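Each chain gets a letter, A, B and so on, in the order its sequence line appears, and its residues count up from 1. Since the model is a prediction, treat every value here as computed from it, not as a measurement.
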2 protein chains.
Amino acid sequence: MARKPADQSVNRDTILHAAADVLRRNGYEATTMKDIASEVNLTAASLYHHFRNKDDLLLAVLEGGLDLVIQKIEPIVNSDISPTEKLREMVRLHVLTLTHNTAVGAAMIFEIRPLMNLKASGRNGSHHSDDFIVKRDAFFAQREYFEILFRRVVQEGIEKGEFREVDIPIYTKSIIGANNWVAVWYKEGGRLSGEAIAELIADGAIRAIKAD
Amino acid sequence: MARKPADQSVNRDTILHAAADVLRRNGYEATTMKDIASEVNLTAASLYHHFRNKDDLLLAVLEGGLDLVIQKIEPIVNSDISPTEKLREMVRLHVLTLTHNTAVGAAMIFEIRPLMNLKASGRNGSHHSDDFIVKRDAFFAQREYFEILFRRVVQEGIEKGEFREVDIPIYTKSIIGANNWVAVWYKEGGRLSGEAIAELIADGAIRAIKAD
DNA sequence: TAGATAATCGAATATGAATTTAATTATATC
DNA sequence: GATATAATTAAATTCATATTCGATTATCTA
């Protein structure tokens with residue numbers, strides 16, 4: 001009856017990757033459907049066979065990226081290593097994921113301003129399906145959750161006396177900011193590997209919070 | 001002969017401020033001339049009396065913001081306080097400027113992706129005057145300079161034995177990233193004042209680099 | 001007051017981008 | 001092989017936005 005996707009056909013996932021790439025290069029608003037389509041040798045019209053519209057597509061990219069990092073971070077939080085080692089690993093993996101999945105990573109962390117803005121008041125007479133609104137809100141909730149994972153570990157470290165009594169939200173945001181910033185400047189083939197960068201940043205994060 | 005700007009007329013600076021506001025809210029690409037014009041009770045057409053075009057206007061915003069921070073930071077670098085105190089002050093002022101000049105600050109630090117992109121290869125068939133290209137490159141040079149100011153102090157601190165031997169570029173970028181991230185989440189009237197936030201972040205920056 | 005120029009606007013232009021539609025091609029299953 | 005459906009496209013539609021232009025209004029200097 002139904003036809004299965006042909007092997008040579010471009011699937012949803014391929015498009016998402018391409019979109020992530022373009023997103024990283026051009027930013028949310030500057031990314032056009034044609035840009036994305038070209039990347040996978042399709043026409044813009046074809047994309048609508050896979051995604052309802054541009055917002056849906058781009059949001060899917062962001063969701064994917066965010067989920068990926070969370071998947072990496074989450075197990076660490078729930079493991080039974082010390083808070084210090086937890087934090088080190090979390091920062092390390094956060095940064096590493098950003099450098100490895102440059103596209104997805106950068107998109108995930110970065111191009112959220114227009115979305116946040118939409119949240120605030122939906123400026124231009126943009127029509128957004130309820131479905132989109134729901135997904136977008138879920139995305140923001142996930143971002144919250146991502147931050148909460150860090151806060152939890154910081155809290156734990158303070159309670160166990162491994163960390164000094166920092167202002168948890170501020171410290172957490174600073175660390176995440178430093179990590180995310182990597183997505184802004186990182187270029188493959190630079191002086192340091194993603195690994196090396198991740199180590200260095202993780203080290204700084206720990207030093208900033210270690211109890212005296 | 002020539003007529004001087006009338007008092008009630010909207011001047012270049014007012015427009016720049018308004019543009020910075022919109023820029024912070026909507027991002028580079030999503031910012032329309034009409035948005036900016038409305039903010040100062042003008043029509044989009046009127047803006048062209050003050051600025052050649054959109055790029056010129058937005059670039060002027062970014063330049064302004066960047067210059068402002070540099071003006072704050074520069075004297076500290078050249079003062080004769082200790083590297084530790086220099087760094088603390090620099091971070092503090094960087095963050096403080098971001099929170100105070102929310103608009104300018106955020107715009108300055110943030111909406112650079114499209115510009116960088118333009119730099120890379122000028123995707124869409126965009127026509128950009130030589131003048132614009134020059135200004136844009138100068139802007140990027142200033143950004144470099146801003147970072148160099150930090151690196152210089154870090155270097156000095158290492159040489160004087162106040163700081164541990166960090167990887168200077170990575171540490172510097174991390175600090176700047178953490179600072180800039182404030183522009184992403186800071187909202188006026190939150191739990192902490194800009195001052196308080198600035199202090200906390202500066203403190204973390206120092207702890208991360210202090211010699212053991 | 002007159003003349004010059006600044007500042008502004010309404011309307012027209014041009015263009016780029018998202019999205020829709022109807023048609024075409026490919027491939028799975030029967 | 002027949003047919004239903006997936007995948008894709010070219011072309012048309014719609015709409016928002018940057019930008020231009022000519023006209024209008026305000027205010028300065030002489």
query = Going by number, which of residues 47-54 of chain A have a non-hydrogen atom under 4.0 Å from DNA chain C?
reply = A:Tyr48, A:Asn53, A:Lys54
task = Round to the nearest Å and state the distance from A:Asp56 atom CG to C:dA18 atom P.
result = 14 Å
remark   = In short, B:Ala205 meets B:Tyr171 closest at the heavy-atom pair O-OH, 2.7 Å
request  = Take the protein atom CG of B:Asn11 and the nucleotide atom C1' of C:dT8, then report the distance between them rounded to whole Å.
outcome  = 15 Å
request  = Would you classify A:Thr32 as touching base, sugar-phosphate or nothing, given that sugar-phosphate means primed atoms plus P, OP1 and OP2, and contacts are heavy atoms under 4.0 Å?
outcome  = sugar-phosphate
query = Do any side-chain nitrogens or oxygens of A:Ser46 fall under 4.0 Å of OP1 or OP2 in D:dT9?
reply = yes
note = Separation of D:dT19 atom P from B:Ile36 atom CD1, nearest Å, is 11 Å
request  = Would you mind reporting whether A:Trp185 and B:Ile176 have side-chain heavy atoms less than 4.5 Å apart?
outcome  = no
request  = Identify the heavy atoms of B:Pro75 and B:Gln71 that sit nearest to each other, and give their distance.
outcome  = CD-O, 3.0 Å
query = Nearest-Å distance, CG (A:Asn41) to P (D:dA7)?
reply = 17 Å
ask   = Separation of A:Arg12 atom CZ from D:dT8 atom P, in whole Å?
value = 14 Å
message = Given D:dA10, C:dA18, C:dC9, identify the nucleotide with an atom nearest to the side chain of A:Thr43.
response = D:dA10
inquiry  = Suppose we screen for side-chain hydrogen bond (donor to acceptor under 3.5 Å, both in side chains). Which residues come up paired with B:Arg151, at least two apart in sequence or across chains?
reply    = B:Glu147
inquiry  = Using the rule side-chain contact (heavy atoms from CB on, under 4.5 Å), only one of A:Ile209, A:Asn180, A:Val91 pairs with A:Ile175; which is it?
reply    = A:Val91
ask   = With respect to the side chain of A:Ala44, which nucleotide from C:dT19, D:dT9, C:dG10 is positioned closest?
value = C:dT19
ask   = In whole angstroms, how far is the C1' atom of D:dC15 from the NZ atom of B:Lys34?
value = 12 Å
query = Does a side-chain N-to-carboxylate-O contact under 4.0 Å join A:Arg25 and A:Asp21?
reply = no
